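Some notes on the structure that comes next.
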Amino acid sequence: MRIYNSLTRRIEEFIPNSDKEVTLYTCGPTVYNYQHIGNLRMYIFEDVLEKTLRYLGYNVKRAMNITDVGHNVGDVDVGKDKMFAAKEREGKTALEIAEYYTEVFKKDCEKVNIKWPDIVKNATGEVEKYIDIISRLLEKGYAYESNGNIYFDISKMPNYYELSGKNQEDLMIAKREDVDIDENKRNPFDFVLWFTSSKFKDQELQWDSPFGKGYPGWHLECSAISIKYLGEYLDIHTGGVDHIFPHHTNEIAQSEAYLGHKWCNYFMHGEFLNDLTGKMSKSKGDFLILDTLINKGYNPLEYRYYCLLSHYRNQLPFSYEMLDNATTSYRKLRNRVLSLKQEGVFNEEYFNIYQNKFKVAISDDLNTSNALTIVHNLLKDETVNDITKIKIIGDFDKVLSLDLLKRETIEEGFKKYIQQKIEERNEAKNNKNYELADKIRRELEEKGIILKDTKEGTIFELK
RNA sequence: GGGGCUGUAGCCAAGUGGUAAGGCAUGGGACUGCAACUCCCCUAGCAUCGGUUCAAAUCCGUUCAGCCCCUCCA
């Protein structure tokens, strides 16, 4: 398995810490709103990663956080807690809102065949661990108190900028005008581990701690959950490219300062789904969710296919024109697969040849585009019989999860009805009563049944 | 202003030194009562300029364009 490692900015051979188990950590959703389809693209990439590792024979233990706490509203710091804004919007408590959107997220995952990680933890449930980490960082001198808050002292971490590819001087020149300056810090890039005094006065969730009543700096959640549930040595950490700095940079600093050794060997970052104005973002207020696509008549797996068509490290534009392309392509592919007959003798040699091709593609930094090409090529390959093709595609679908072999079942009574209608139509056709024949075809189509006139007679399919 | 990433046919997209995969759309053809489905055939020289090389979409540099990040969103 070769993967692009953001730490070294190179494609590297993946070598796990232990040959027994690969530990994988995913930055989870902030559940103050729906996940948009761009968020979902990230989770699809991570799902493919987990399934690929399993496909290649690794045992995978994967954890993810659910950020069920307040943050600032939007990419622009407008000084209002995100949960609080959502609460105002819907008249619920922060935790009720979080619970609601967590459920929605879970269902979205099911719809696009994303396997729910083994370990999923709420950020608010792990405060004890955050306090433990902060206490040790204070003891070791990596953290300091200033005006009521506890800060991480980045000057103690010589490799602080490793992941970001930045350096302090560059950041110093930074000129963003929409950011407040925190005068309490020793170094402008120190970050907060615990707040007792915050510019957000109406923070709903607060906890008692040795440092005073307050709440954690939420970079801690990923470090804490990962270390607590996956151990001190993490193999792969994933997230979006926007996490690189400062979120993952800070995670590394606090985790390694806490542990006293190297923490995670591989960081993988997924690129964005862009709309016409750029990154699709919740804070813009106007974003697409999966249910919108479903309501427009798209199958969620058509969106998964759309994502697999491109590489996770490339920005992917979204438009309905492109989605229609992907949809047609997916439907054709599925049709072709479903028309394969359970005939012939399974040929293990071809199975191995194709499985190997697939492994080469998918283990090359998750080249899903090439993996799909192999499926297309397989279908065109006349030397491979149907039964073998079915077996091979079933094998590939462990990673692709496109339900390529799944047949929609039709109720027996309905089947009889359709069969009867087909006979009526055939009779009409024989009598050259095409008007009636077309009418029957149209009526069935309205019920979701597509008729196909083949050489062997008329067959039907679900739309 | 700084750092990072990207730019391949009408639309996506693979390919990272040896002469442009694949999909969708379009056009042509087979099939059909007409369609749909299915099948067959056809379509690019890789943003720009310059350099390295026997050889570049692939390496180096320039310009242009787009996107991401830059001290309490994770």
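Predicted model, so just to flag it, every value in this text is computed and none were measured. Just the heavy atoms: all of them, side chains too, but no hydrogens, waters or symmetry mates, feed the values below. Chain naming here is simple, since letters A, B, ... match the order of the sequence lines and numbering starts at 1 in each.
Under the 90° criterion around 0 for the glycosidic angle, B/G33 counts as anti.
Centroid-to-centroid, the aromatic rings of A/Tyr34 and A/Tyr101 come within less than 6.0 Å.
Using a 4.0 Å heavy-atom distance criterion, A/Leu451 is classed as a base contact. Residue A/His248 is out of contact with every strand shown, counting any heavy-atom pair closer than 4.0 Å. Among the protein residues, A/His376 comes within range of the sugar-phosphate backbone only, with heavy atoms under 4.0 Å from sugar or phosphate atoms but none that close to a base. Nucleic acid contact class of A/Asn367 (heavy atoms, under 4.0 Å, all strands): sugar-phosphate only. At a threshold of 4.0 angstrom between heavy atoms, the contacts of A/Lys452 include nucleobase atoms, whether or not backbone atoms are also involved.
Counting to the nearest Å, the C1' atom of B/G22 and the CG atom of A/Leu378 are 14 Å from each other. For A/Arg313 and B/G15, the CZ to P distance is 9 Å, given to the nearest whole Å. Note: CD1 (A/Ile244) to C1' (B/G3) measures 11 Å, nearest angstrom.
In this structure, the nucleotide among B/C69, B/A13, B/U38 sitting nearest to the side chain of A/Pro317 is B/A13. Of all nucleotides listed (B/C5, B/A14, B/C68), B/C68 comes nearest to the side chain of A/Phe272.
Comment: A/Asp453 engages A/Arg425 in a salt bridge, judged by a side-chain N to carboxylate O separation of less than 4.0 angstrom.
Checked by atom type, the side-chain pair A/Tyr305/A/Ser329 shows a donor-acceptor distance below 3.5 Å.
For B/C64, the paired base is B/G7 (Watson-Crick or G-U wobble, both distances below 3.5 Å).
If A/Tyr306 and A/Lys429 are placed on RNA chain B by their nearest nucleotide, the residue sitting closer to the 5' end is A/Tyr306.
Relative to the ring axis of A/Tyr320, A/Lys296 places its NZ or CZ within 45° and under 6.0 Å from the centre.
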